[in-house]
**Student:** 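Before we start, here is the structure in question, set down as structure tokens.
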Amino acid sequence: MIRKCFVMKVFSGLHEEYQKRHNEIWPEMVKMLHQYGAKNYSIYLDANTNNVFAYLEIENEELWNKSAETKICQKWWAYMKDVMETNEDNSPVSIELKELFHLD
């Protein structure tokens with residue numbers, strides 16, 4: 001199991017919309033996430049900075065990286081681009097964080 005954490009930015013004033021969209025996540029998106037090894041996925045908001053911190057556990061880095069190529073992932077990115085910072089391909093601007101400490 002590999003733990004991953006990354007930070008992204010939600011546009012000011014759109015925190016509730018970001019949360020609503022995730023609360024109503026499409027079943028086919030959930031299915032894809034599971035197929036590509038995602039487990040224990042959580043997202044946290046720092047409302048003062050508009051940063052969201054995402055944590056998930058994956059089985060295999062190579063498999064996980066391929067999830068970005070799926071049609072459903074690309075559709076989700078397009079759906080989310082109006083509420084968060086994105087790259088030219090609609091993927092979220094995302095900074096992976098380095099794990100410094102872990103305690104089970």
Side-chain angles (χ1 to χ4, degrees):
M1 190 262 313
I2 301 165
R3 291 181 298 275
K4 297 186 74 66
C5 186
F6 46 96
V7 62
M8 300 171 288
K9 190 165 292 279
V10 175
F11 295 135
S12 182
L14 294 175
H15 301 167
E16 288 182 15
E17 180 62 23
Y18 181 91
Q19 183 175 17
K20 177 184 179 289
R21 292 182 189 189
H22 280 80
N23 288 343
E24 299 171 354
I25 191 170
W26 310 325
E28 60 269 32
M29 184 65 175
V30 172
K31 181 179 178 182
M32 183 280 294
L33 289 167
H34 288 153
Q35 286 176 334
Y36 285 81
K39 295 182 170 106
N40 201 22
Y41 199 162
S42 300
I43 301 174
Y44 299 87
L45 170 68
D46 177 350
N48 293 321
T49 65
N50 298 318
N51 288 332
V52 289
F53 298 86
Y55 170 85
L56 75 151
E57 296 167 354
I58 61 171
E59 298 170 2
N60 176 292
E61 192 81 38
E62 190 174 319
L63 177 64
W64 172 248
N65 289 338
K66 290 180 182 179
S67 70
E69 300 169 11
T70 65
K71 287 183 181 182
I72 191 63
C73 184
Q74 292 174 15
K75 182 179 174 183
W76 181 262
W77 288 349
Y79 176 58
M80 296 300 292
K81 74 178 181 178
D82 65 328
V83 297
M84 63 188 304
E85 290 185 0
T86 58
N87 297 301
E88 287 185 24
D89 67 353
N90 292 334
S91 65
V93 173
S94 176
I95 301 167
E96 189 162 347
L97 302 177
K98 179 181 177 182
E99 182 177 289
L100 298 178
F101 175 78
H102 173 78
L103 175 69
D104 275 329

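For reference, positions follow the sequence shown, starting with 1.
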**Student:** Report yes or no: do N51 and K9 form a side-chain donor-acceptor pair below 3.5 Å?
**Tutor:**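 Per modelled atom types, N51 and K9 side chains form a pair under 3.5 Å.
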
**Student:** How far apart are the closest heavy atoms of I58 and A38, and which atoms are they?
**Tutor:**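 Looks like CG2-CA, 4.4 Å.
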
**Student:** Under a 4.5 Å cut-off applied to non-hydrogen side-chain atoms, are M8 and Y18 in contact?
**Tutor:** yes

**Student:** Would you say E57 and K4 make side-chain contact, with heavy atoms under 4.5 Å?
**Tutor:**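 With C-beta onward as the side chain, the pair stays apart.
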
**Student:** How far apart are the C-alpha atoms of K39 and M1, what are their side-chain angles, what is the distance that settles it, and do they pass the side-chain contact (heavy atoms from CB on, under 4.5 Å) test?
**Tutor:** CA-CA 9 Å; K39 295 182 170 106; M1 190 262 313; over 6 Å; no

**Student:** Who else is in the cluster with F101 when I, L, V, M, F, W and Y are joined by side-chain contacts under 4.5 Å?
**Tutor:**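 Its cluster partners, ordered by chain and number, are L103.
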
**Student:** Walk me through whether D89 and K81 qualify under salt bridge (charged side-chain N to carboxylate O under 4.0 Å, His left out).
**Tutor:** CA-CA 10 Å; D89 67 353; K81 74 178 181 178; over 6 Å; no

**Student:** Do you know which two heavy atoms are closest between L63 and N60, and how far apart they sit?
**Tutor:**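 Residues L63 and N60, closest heavy atoms: N-OD1, 2.7 Å.
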
**Student:** Return the CE to CZ distance between M80 and R21, rounded to the nearest 0.5 Å.
**Tutor:**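 The CE atom of M80 sits 6.0 Å away from the CZ atom of R21.
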
**Student:** Check whether Y79 and M32 end up in the same hydrophobic cluster, where Ile, Leu, Val, Met, Phe, Trp and Tyr are linked by side-chain heavy atoms less than 4.5 Å apart.
**Tutor:** yes

**Student:** Might you point out which heavy atoms bring Q74 and A68 nearest each other, and give the distance in Å?
**Tutor:** NE2-O, 3.3 Å

**Student:** What are the two closest non-hydrogen atoms of V10 and V83, and how far apart are they?
**Tutor:** CG1-O, 3.3 Å

**Student:** Spell out, yes or no, whether I2 and W64 are grouped together once hydrophobic residues are joined by side-chain heavy atoms under 4.5 Å, including indirect joins.
**Tutor:**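 Yes, same cluster.
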
**Student:** Hey, are the side chains of N50 and H15 touching, using non-hydrogen atoms and a 4.5 Å cut-off?
**Tutor:** yes

**Student:** Tell me which pairs pass ring pair (Phe, Tyr, Trp, His ring centres under 6.0 Å) where either residue lies in residues 39-60, with sequence neighbours left out.
**Tutor:**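 Sorted result for residues 39-60: empty, none.
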
**Student:** What residues form a side-chain hydrogen bond (donor to acceptor under 3.5 Å, both in side chains) with E16, not counting sequence neighbours?
**Tutor:** none

**Student:** When you group the ILVMFWY residues by side-chain heavy-atom contacts below 4.5 Å and let the links chain together, are M84 and I25 in the same group?
**Tutor:** yes

**Student:** Working to the nearest 0.5 Å, report the span between CD of Q35 and OG of S67.
**Tutor:**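 OG of S67 is found 11.0 Å from CD of Q35.
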
**Student:** For E17, does the CD atom have more than 12 heavy-atom neighbours from other residues, nucleotides or ligands under 6.0 Å away?
**Tutor:**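 Yes, because the 6.0 Å sphere around CD of E17 holds more than 12 heavy atoms from other groups.
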
**Student:** Nearest 0.5 angstrom please: L56 CG to C5 SG, how far?
**Tutor:** 9.0 Å

**Student:** If you measure from CH2 on W76 to CD on E28, what distance do you get to the nearest 0.5 Å?
**Tutor:** 9.5 Å

**Student:** How far apart are the closest heavy atoms of I43 and A54, and which atoms are they?
**Tutor:**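 It is CG1-CB, 4.0 Å.
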
**Student:** Count the heavy atoms belonging to other residues, nucleotides or ligands that lie under 6.0 Å from CD of E99, then report whether that count exceeds 12.
**Tutor:**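 Enclosed: over 12 neighbouring heavy atoms sit under 6.0 Å from CD of E99.
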
**Student:** Does the structure place the NZ or CZ of K31 under 6.0 Å from the centre of the six-membered ring of W26, at an angle of no more than 45° from the ring's axis?
**Tutor:**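 Not flagged: K31 not positioned over aromatic ring of W26.
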
**Student:** Say you draw a straight line from CG of L33 to CD1 of I72; how long is it, rounded to the nearest 0.5 Å?
**Tutor:** 9.5 Å

**Student:** Could you check if a side-chain atom of T70 sits within less than 4.5 angstrom of a side-chain atom of Y36, using non-hydrogen atoms only?
**Tutor:** yes

**Student:** Looking only at heavy atoms, what is the nearest atom pair of L14 and D82, with distance?
**Tutor:** CD1-O, 3.4 Å

**Student:** Hey, could you give me the CH2/OG distance between W77 and S91, rounded to the nearest 0.5 Å?
**Tutor:**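 Rounded to the nearest 0.5 Å, the CH2-OG separation comes out at 5.0 Å.
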
